[in-house]
Amino acid sequence: MEMRKIEKFFVNNMIFNCLHNKFLVSKFLKHIQEKPKNILEIGCGGGYTTKSIRKRFPNSKIAAIDYDKEQIKIANKLHRNIENVKFMQGDATSLKFKNNTFDAVFEFNVLHHIKNYEKAIKEIKRVLKKNKKFYIMDVSKYFFIPILRNFFPAEAYFTKEELIKKLEKNKFEIKKHSGKRIFYVIAKKLLKKYN
């Protein structure tokens, strides 16, 4: 889903991004001990979260996708000098990558923009290498009080617990989770024959 103009204004606002990255994204990334070589970020927007991932994992290659072509243009314009990062238009429910490509997949406040987010979970599992992790930071349906739903409508409303059930149904093992309205989940792709 492409965002409304008011939502694009917020997600592309320098002050919002500074606060979002400092108080949420950077704190989340600090807890990750692994050193993934190949990273996929879904819903990269204007590339601000990608820049935070890059700072945390300076030796990694990052493929950063967003459904909205305008956001990819912004990311390429603002962050064209970041090494080993490729911004591209893409659909999380139909990823254009081979099976078992990535050592880590990240999403920051994106799954609620995807109507069929379970299909995105299946695609993420497909492109994620066995035994590697999907790092999720998103907002619960409890975040979307009525006034926020008017300005920032979601395609999917779910709680952390509902998302965890979808992840487990799709053969992810939940390694860690925290939060209620704004939450994070770390899920590992299970090492099984059928993966």
I'd like to know whether the aromatic ring centres of Y48 and H79 sit less than 6.0 Å apart in this structure. yes
Could you check if a side-chain atom of H177 sits within less than 4.5 angstrom of a side-chain atom of K160, using non-hydrogen atoms only? yes
Short side-chain to backbone donor-acceptor contact, R54 and S60, under 3.5 Å: yes
Just to verify, what does E123 make a side chain to side chain donor-acceptor pair (under 3.5 Å) with, not counting sequence neighbours? R126
Starting from the C-alpha separation in whole Å, work towards a yes-or-no answer on side-chain contact (heavy atoms from CB on, under 4.5 Å) for I136 and F106. CA-CA 6 Å; I136 302 158; F106 289 87; over 6 Å; no
Other residues, nucleotides and ligands only: do more than 12 of their heavy atoms fall within 6.0 Å of NZ on K129? yes
Would you check, one step at a time, whether the test side-chain contact (heavy atoms from CB on, under 4.5 Å) holds for H112 with F158? CA-CA 8 Å; H112 68 271; F158 49 80; 4.2 Å; yes
Distance check, rounded to the nearest 0.5 Å: K130 atom NZ versus K188 atom NZ? 13.5 Å
May I have all residue pairs that pass salt bridge (charged side-chain N to carboxylate O under 4.0 Å, His left out) and include part of residues 112-122, sequence neighbours excluded? E118-K166, E118-K169
Less than 4.5 Å apart, any side-chain heavy atom of I53 and any of F108? yes
Testing the basics here: between F87 and G47, what is the closest heavy-atom pair and its distance to 0.1 Å? CE2-CA, 3.7 Å
Closest non-hydrogen atoms of L78 and G46, given as atom of the first, atom of the second and distance, are CD1-O, 4.4 Å
Could you go step by step and tell me if K189 and N100 meet the side-chain hydrogen bond (donor to acceptor under 3.5 Å, both in side chains) rule? CA-CA 10 Å; K189 178 178 174 178; N100 307 306; 3.1 Å; yes
What distance separates N84 CG from F57 CZ, expressed to the nearest 0.5 Å? 14.5 Å
For residues R80 and K77, report the shortest heavy-atom separation together with the two atoms involved. NH1-O, 2.8 Å
Under 3.5 Å donor-acceptor, D103 side chain and N38 backbone: yes
Side-chain contact test, heavy atoms from C-beta onward, threshold under 4.5 Å: evaluate it for R56 versus K35 and give yes or no. yes
Candidate pair I65 and E41, rule side-chain contact (heavy atoms from CB on, under 4.5 Å), full reasoning: CA-CA 6 Å; I65 68 162; E41 180 188 14; over 6 Å; no
Rounded to the nearest 0.5 Å, what separates atom NZ in K165 from atom CG in L167? 12.5 Å
Output, in order, the C-alpha distance, side-chain angles, deciding distance and verdict of side-chain contact (heavy atoms from CB on, under 4.5 Å) for I186 and I174. CA-CA 6 Å; I186 299 173; I174 307 308; over 6 Å; no
Q89 side-chain N/O to Y67 backbone N/O, donor-acceptor pair under 3.5 Å: yes
To the closest 0.5 Å, what do you measure between CE (M137) and OG (S178)? 10.0 Å
Heavy atoms only: give me the nearest A104-P36 pair and the separation to one decimal. CB-CB, 3.7 Å
Which heavy atom in G45 sits nearest to a heavy atom in A75, and how many Å separate them? O-CB, 3.7 Å
Within-4.5 Å side-chain heavy-atom neighbours: C44 and I72: yes
Closest non-hydrogen atom pair, F183 against S140: CE2-N, 3.6 Å
Could you tell me whether a side-chain N or O of E162 sits under 3.5 Å from a main-chain N or O of T159, the two making a donor and an acceptor? yes
Once you round to the nearest 0.5 Å, how far does CD1 of I42 lie from CG of D66? 9.5 Å
Heavy-atom check, side chain of Y184 versus side chain of Y135, under 4.5 Å: no
In the structure I gave you, are the side-chain heavy atoms of E107 and D138 within less than 4.5 Å of one another anywhere? yes
Do the side chains of V127 and K98 get nearer than 4.5 Å, heavy atoms only? no
Nearest 0.5 Å, please: how far is NZ in K176 from CD1 in I32? 10.0 Å
Hey, does I124 have a side-chain heavy atom less than 4.5 Å from the side chain of N170? no
